[in-house]
There are 2 protein chains.
Amino acid sequence: MARPSRKGVEPEGDVRRKLLAGAAGLFASKGYAATTVREIVERAGVTKPVLYYYFRSKEGIFLELMREPLERFAALLDTATSEDGTARERIARLCVRAYEVFVEHLELARVMFAIYYGPPQGAPFVDFDASHIRFQDAVLKLLEEGIRRREFRKGNARDMMWAVIGAVNVAMEQELCRPRQSIGRGGTERMLGILFDGIALGKDEAKGRGKGR
Amino acid sequence: MARPSRKGVEPEGDVRRKLLAGAAGLFASKGYAATTVREIVERAGVTKPVLYYYFRSKEGIFLELMREPLERFAALLDTATSEDGTARERIARLCVRAYEVFVEHLELARVMFAIYYGPPQGAPFVDFDASHIRFQDAVLKLLEEGIRRREFRKGNARDMMWAVIGAVNVAMEQELCRPRQSIGRGGTERMLGILFDGIALGKDEAKGRGKGR
DNA sequence: GTCTATATTGAGATAGAC
DNA sequence: GTCTATCTCAATATAGAC
């Protein structure tokens with residue numbers, strides 16, 4: 001006879017993971033407020049009390065979802081400052097890694113973007129701003145070092161930082177809106193190359209210098 | 001005696017405008033799904049049937065809100081191609097105008113960004129993608145013209161376009177997230193200057209050329 | 001841990017008087 | 001055009017059996 005108090009014979013923690021995965025997909029495709037607990041549990045093949053058992057509330061499962069990607073991003077920034085190479089290389093490396101973490105967590109990234117740039121949708125507070133500012137600071141530091149090392153011209157490092165952040169963001173946003181025409185890792189690197197080298201043709205350089213571009 | 005069937009003595013169309021303004025603020029601060037009809041009508045100082053009388057539904061008032069900004073943006077793009085100046089000037093002019101239209105409609109812009117980059121939140125479909133692609137095309141055309149005119153180096157015009165769009169977007173996004181530290185019109189222009197000129201210090205130009213920066 | 005059944009609240013929308 | 005009163009439905013969350 002089958003054991004009585006087991007039904008789905010789920011491996012350990014599998015229900016929990018299914019709930020998280022389903023919630024991520026739903027939050028990403030409909031938004032936090034428009035997603036109902038009923039949909040989440042249906043997608044996981046369980047009933048409502050199971051969700052409340054594992055996560056206490058709809059807010060609870062949301063917060064649990066945000067945790068891991070934010071931790072990975074923070075870890076990324078921690079390593080960014082302690083590496084070698086030219087400023088160009090280090091900036092490109094940091095940006096490409098941020099882009100890749102983003103792509104790996106595309107669904108949750110969509111939820112985060114929507115809440116960070118847009119209205120919170122009734123979702124519980126998460127300090128996305130802190131992460132973003134840490135990212136900005138990391139890029140700014142690398143740019144300032146590049147200027148000190150005479151790898152970059154003197155100039156407003158903040159403006160440079162915004163242009164760099166803009167390049168990374170646009171690659172991420174394209175991934176969200178038109179993944180079939182993704183800018184990709186390569187495109188991100190080429191954009192950064194443009195920032196470093198410029199696109200203007202100086203009067204004195206009509207023929208030469210067409211190096212990386 | 002006072003006229004019987006008038007209460008608030010509202011000027012013509014004032015109730016309608018109040019409903020639109022209130023809805024814009026609420027959609028921007030809470031999101032479409034998380035905003036209730038009750039809140040909208042309370043903010044306008046009327047009751048629910050009034051909203052349904054003017055806009056037929058919650059979706060109706062949303063669509064009405066989206067209309068004007070999208071039309072203004074479309075008009076902007078129409079004029080962008082038929083102007084004179086260098087490619088640099090024309091690109092900067094287009095981008096700065098787009099940025100300014102964005103800032104003028106900051107609340108609605110927030111709602112649009114959230115829905116375009118994120119989940120639709122249960123809001124009715126609006127083709128934001130079409131507008132964005134028209135913007136990309138306008139920038140791309142101007143860049144290609146700049147290359148033909150030897151104002152810019154030969155190179156991948158699409159990559160340049162993304163970098164330009166990224167600069168505009170990051171200015172807009174900063175306006176959404178930290179308006180007190182806005183990049184502003186000036187910052188947007190300086191970012192574009194960086195794209196045009198680059199930030200790298202070539203081996204041959206250690207002393208000269210520090211022009212616009 | 002997972003279920004059925006239900007409490008409770010508030011949503012979007014409308015009828016019908018004025 | 002604007003109100004009061006109400007319909008209908010679905011939401012989050014929980015009680016209590018197994």
Side-chain angles (χ1 to χ4, degrees), chain A residues 1-23 26-27 29-65 119-125, chain B residues 1-24 26-27 29-65 111 119-125:
Chain A
M1 259 108 275
R3 279 191 246 72
S5 64
R6 287 284 277 195
K7 178 126 150 273
V9 197
E10 306 284 2
E12 305 282 337
D14 204 41
V15 168
R16 196 188 137 92
R17 273 206 312 280
K18 268 192 195 166
L19 282 167
L20 284 169
L26 286 161
F27 289 154
S29 66
K30 314 186 31 172
Y32 178 82
T35 296
T36 69
V37 171
R38 206 175 70 84
E39 289 170 310
I40 299 174
V41 297
E42 260 174 17
R43 190 173 278 207
V46 296
T47 55
K48 279 199 265 186
V50 180
L51 184 145
Y52 287 94
Y53 172 80
Y54 283 108
F55 303 103
R56 301 176 46 98
S57 68
K58 187 184 174 188
E59 295 200 346
I61 197 170
F62 175 83
L63 291 171
E64 184 61 24
L65 276 173
Q121 304 180 33
F125 177 75
Chain B
M1 257 111 274
R3 279 191 246 72
S5 63
R6 287 284 275 196
K7 178 123 149 278
V9 198
E10 305 285 3
E12 305 281 337
D14 203 42
V15 169
R16 195 187 137 92
R17 273 206 312 281
K18 269 192 195 166
L19 282 167
L20 283 169
L26 286 162
F27 289 154
S29 66
K30 314 187 30 172
Y32 177 82
T35 297
T36 71
V37 171
R38 205 174 72 83
E39 289 169 310
I40 299 174
V41 297
E42 259 174 18
R43 190 173 277 208
V46 295
T47 54
K48 278 200 265 186
V50 180
L51 184 146
Y52 287 95
Y53 172 79
Y54 282 109
F55 303 105
R56 303 175 44 97
S57 67
K58 187 183 173 187
E59 295 201 347
I61 196 171
F62 175 84
L63 291 171
E64 185 61 23
L65 277 173
V111 178
Q121 303 180 35
F125 177 75

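Reminder, nothing fancy here: chain letters follow the sequence lines and each chain counts from 1. Just so it is clear, the structure is predicted and the values come from calculations on it, not from any experiment.
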* Structure fact -> Rounded to whole Å, the CD-C1' distance (B/Glu42 to C/dA11) equals 14 Å
* To do: Among D/dA15, D/dG1, D/dT4, find the nucleotide with the atom closest to the side chain of B/Thr47.
  => D/dT4
* In whole Å, what is the span from the CZ atom of A/Phe55 to the P atom of C/dG1? -> 13 Å
* Rounded to the Å, how far apart are B/Ile61 CD1 and C/dG12 P? -> 12 Å
* Report the nucleotide, chosen from C/dA13, D/dT2, D/dA15, that has the shortest atom-to-atom distance to any side-chain atom of B/Val15. => D/dT2
* Structure fact -> Rounded to whole Å, the CD1-P distance (A/Ile40 to C/dT2) equals 16 Å
* To do: Return the value, rounded to whole Å, for the distance between atom CG of A/Leu19 and atom P of D/dT12.
  => 14 Å
* To do: Starting from P on D/dT12, measure out to CZ on A/Arg56 and report it in whole angstrom.
  => 17 Å
* Asked: Whole Å only: how far is the CZ atom of A/Arg16 from the P atom of C/dT2?
  -> 12 Å
* Tell me: CG of A/Leu51 to P of D/dT14, nearest whole Å? -> 11 Å
* Asked: When rounded to the nearest 0.5 angstrom, what distance separates NZ in A/Lys58 from CZ in A/Phe27?
  -> 6.0 Å
Provide a list of protein-nucleic acid N or O atom pairs under 3.5 angstrom, restricted to nucleotides 6-11 of chain D.
none

* **Closest nucleotide among C/dT4, D/dC3, C/dT2 to the A/Pro49 side chain** => C/dT4
* Asked: Between C/dT2, D/dT12, C/dG12, which nucleotide gets closest to the side-chain atoms of B/Tyr52?
  -> C/dG12
